[in-house]
Structures are given as structure tokens and as C-alpha cells.
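One structure below.
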Amino acid sequence: MGADTDYEARIQELKRSLNAVILAHYYQESEIQDVADFVGDSLALAQAAAKTKADVIVFCGVHFMAETAKILNPAKQVLLPDLKAGCSLSDRCPPAAFKAFKEKHPDAFVVSYVNSSAAVKAMSDVICTSSNAVKIVNHVPKDRQILFAPDQHLGRHVMKETGRDMVLWPGSCIVHEIFSEKKLVQLKVQHPDAEVVAHPECEQAVLRHADFIGSTKGILDYVVASPKQKFIVVTEAGIIHQMQLKAPGKTYIPAPPDNGCACNECPYMRLNTLEKLYRCMKDRTPELILPAELQAAARAPLQRMLEWS
């Protein structure tokens, strides 16, 4: 029996004894995706967290995702394999700076991307994900100015799709901002029969070459349904595992970033490993703890997102 198989068996035992559910993001390593009860994007994971009957939620993703699960389940224990699994988008929008930014637009309706801290969520009117951002913004009363944070590239994409003018916080994701337009064009020349599928967190110069723009779940659904057989995937390469499972006969080419690597992986997502998942369940630590007042303040905009979705 291999080490991974041994960990998988122990994790299944702990899951039963703890009455735990394992939620994993598409960007997790394939071994974690395979042992999870539910694999999805940020919206689907928030919905799964809101509905779960488990006593313990083990979140294989990054810190803000575990925070979201805790906010929606204040009485449940939320475990995260590695507390250092942060998010560049969230880190680039510090609560104090966001508060000052918001004060410059006192009458604005604040739409915050789920890739933000609990403190930023608490200062928001509604939360969105890349799956539902267009729908959420279309819900905002037409006479209200919109302040959108923290991803400026997603914000510009939403502005284009909705026709709404928005004030954008100047944030971006380290994974999606370094895809190379030049290398993408070279790939398109090498593979003229491939479609380009891209995440809206990418820069506009990259998105203009895409045949389809959508969330990780949207991209997955698109490639599975498409009659095309080859795709250049312009998002974190972890999603390719699910593509191979759901449409195994097709070819998936990870778009390279502008730093010499073969594909683009989120360094924070990859901090979680099968061994860390096992140990966090065995020891019931690290646990995600949030002050009750902060949870309550952040819950309202999250609940509004779930209602509007």
C-alpha cells in the first residue's frame, strides 16, 4: 500500500468518526480533490458549506474560503490543513486601506469579491464570486454607484458584461495576472484547432484572445459540453484534473505564465497536501477562529449573495 493510499484510508476513517465533510477547491492537488466529498469553485463551496449537516468542515482551499465556511456555520468546527494558505487578492486589500477607500465613496453600494478577508466582507453590501458576479451586479439598483473590490480585472469584465460603471479597487491575483499574452499567442499558432478558455481575473490583453471567459466551474462546464477536442486553459492548472475526469478524451494545454514555468500554479493552494489534510483531521488543528461580531457582520452580505444567486 502506497503512502497516499494509506493517508486516504485514514482520512476516510477520521471523516466517519468526526462526522466531517471535506470541501476542496478545483485548484487543490489532484490527490486532495479525489478524497474530498465536494469539489467546486468558490460559489459552489460556499453553497455546500451553507447546507452541510456535518459537525466538522475540513476546508482544502485558502484562508478566505475557510473564513466563509465559518461565517456561514458559526457553531461548527472549521479546519484548514495549512493556515499559511492565503490569497494574494485578499492580502492586497487590507481592511484599513479598504475602509479609507470606501469612505471616499460614502453613498456607493459595495460589491466585494469572495476573495477578500472577513473584515472586508463585513464592510460590504453583497459578496460575489466569478460565477455570479454579473448576476449580482445586475441586482444592484440602477441609481446606485457601485464600488467593486478587490479584483480590478474581474471588475472590468463585469463592467463590460453589464454596462454598469464601477469604481474599482486596484487589486489583482498573482496567478492570473502573469499569464503571458505573447506565449498565449504562440500557443494558438502551434495549436490552431484549440479553443482558449480563460478566467476573468486575467488581464484584458489576455482575455481578448479567449473563445470563452468564465469562472473555474464555467470553464469546466464549457470544455465538457464543447464539441472541440483541444483547449488552451488560462487559469490555475489544478482545474485540468477535473477536466480529465469529466471529459477524458480531450486535450488540455495549460497556458504558461510570463516567468519560464510550464504551467501556472497557485503557491498558496499548493501548500495543502494529503499528509497535512490527514494531520489536521487527526489533531483537529489548525482550526479557523473568528470573533463572533466579525462573523455576524460578514454573514449578512454573504447571505445576500446566496439569495441573489
Side-chain angles (χ1 to χ4, degrees), residues 25-30 33 39-43 62 87-89 92 113 115 129-131 133-134 150-163 168 170-270:
H25 193 273
Y26 287 130
Y27 296 165
Q28 292 292 281
E29 62 179 41
S30 58
Q33 292 187 41
V39 182
D41 62 4
S42 297
L43 175 60
V62 293
C87 169
S88 58
L89 255 178
R92 290 173 173 183
Y113 192 25
N115 298 42
T129 72
S130 52
S131 287
V134 169
D151 192 281
Q152 59 181 317
H153 302 306
L154 175 61
R156 288 193 190 95
H157 175 71
V158 172
M159 286 169 65
K160 183 179 176 183
E161 292 294 306
T162 63
L168 305 177
S172 55
C173 163
I174 60 168
V175 174
H176 290 97
E177 73 179 348
I178 63 166
F179 280 111
S180 165
E181 182 189 15
K182 179 181 177 182
K183 291 181 179 178
L184 177 58
V185 171
Q186 289 171 343
L187 270 181
K188 288 184 69 173
V189 171
Q190 292 166 18
H191 305 277
D193 54 337
E195 280 195 319
V196 176
V197 292
H199 195 283
E201 287 180 25
C202 296
E203 293 182 339
Q204 298 300 301
V206 168
L207 291 180
R208 69 184 182 182
H209 298 285
D211 297 290
F212 176 80
I213 300 169
S215 67
T216 40
K217 175 67 162 58
I219 290 172
L220 177 61
D221 290 345
Y222 180 83
V223 302
V224 170
S226 174
K228 292 282 189 175
Q229 294 299 303
K230 187 183 288 188
F231 301 89
I232 298 169
V233 182
V234 195
T235 188
E236 214 274 359
I239 188 62
I240 292 176
H241 179 61
Q242 290 297 318
M243 292 175 175
Q244 291 167 337
L245 289 175
K246 295 183 187 303
K250 299 183 179 184
T251 301
Y252 307 104
I253 305 159
D258 201 12
N259 61 5
C261 296
C263 66
N264 208 357
E265 295 181 347
C266 174
Y268 299 108
M269 286 282 187
R270 301 307 167 116

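Predicted model, so just to flag it, every value in this text is computed and none were measured.
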Considering all heavy atoms, the nearest [X]-[Y] contact:
X    : Y    : value
H199 : L207 : O-CD2, 3.3 Å
L220 : K246 : CD2-CE, 3.7 Å
K183 : S180 : N-OG, 3.0 Å
I174 : P267 : CD1-CG, 3.9 Å
E161 : V134 : CB-CG2, 3.8 Å
S215 : S131 : OG-OG, 2.8 Å

Q.
Are more than 12 heavy atoms, taken from residues, nucleotides or ligands other than K250, located less than 6.0 Å from that residue's NZ atom?
A. yes

Q: Measure the spacing between NE2 of H25 and CG of D41 and express it to the nearest 0.5 Å.
A: 6.0 Å

Q | Side-chain H-bond candidate by donor/acceptor type, Q204 with R208, under 3.5 Å | A | no

Sub-3.5 Å donor-acceptor pair from the side chain of [X] to the main-chain atoms of [Y], do we have one?
X    : Y    : answer
E203 : A205 : no
R270 : E29  : no
E236 : C266 : yes
E181 : F179 : no

Please tell me if the side chains of [X] and [Y] come closer than 4.5 Å, counting only heavy atoms from C-beta onward.
X    : Y    : value
E265 : V175 : no
V223 : V197 : yes
M243 : V224 : no
Q152 : R156 : yes
H209 : K188 : yes
L89  : E201 : yes
H157 : I213 : yes
I253 : L187 : yes

Q: May I ask you to decide if the ring planes of Y222 and F231 are parallel, tilted or perpendicular, using 30° and 60° as cut-offs?
A: perpendicular

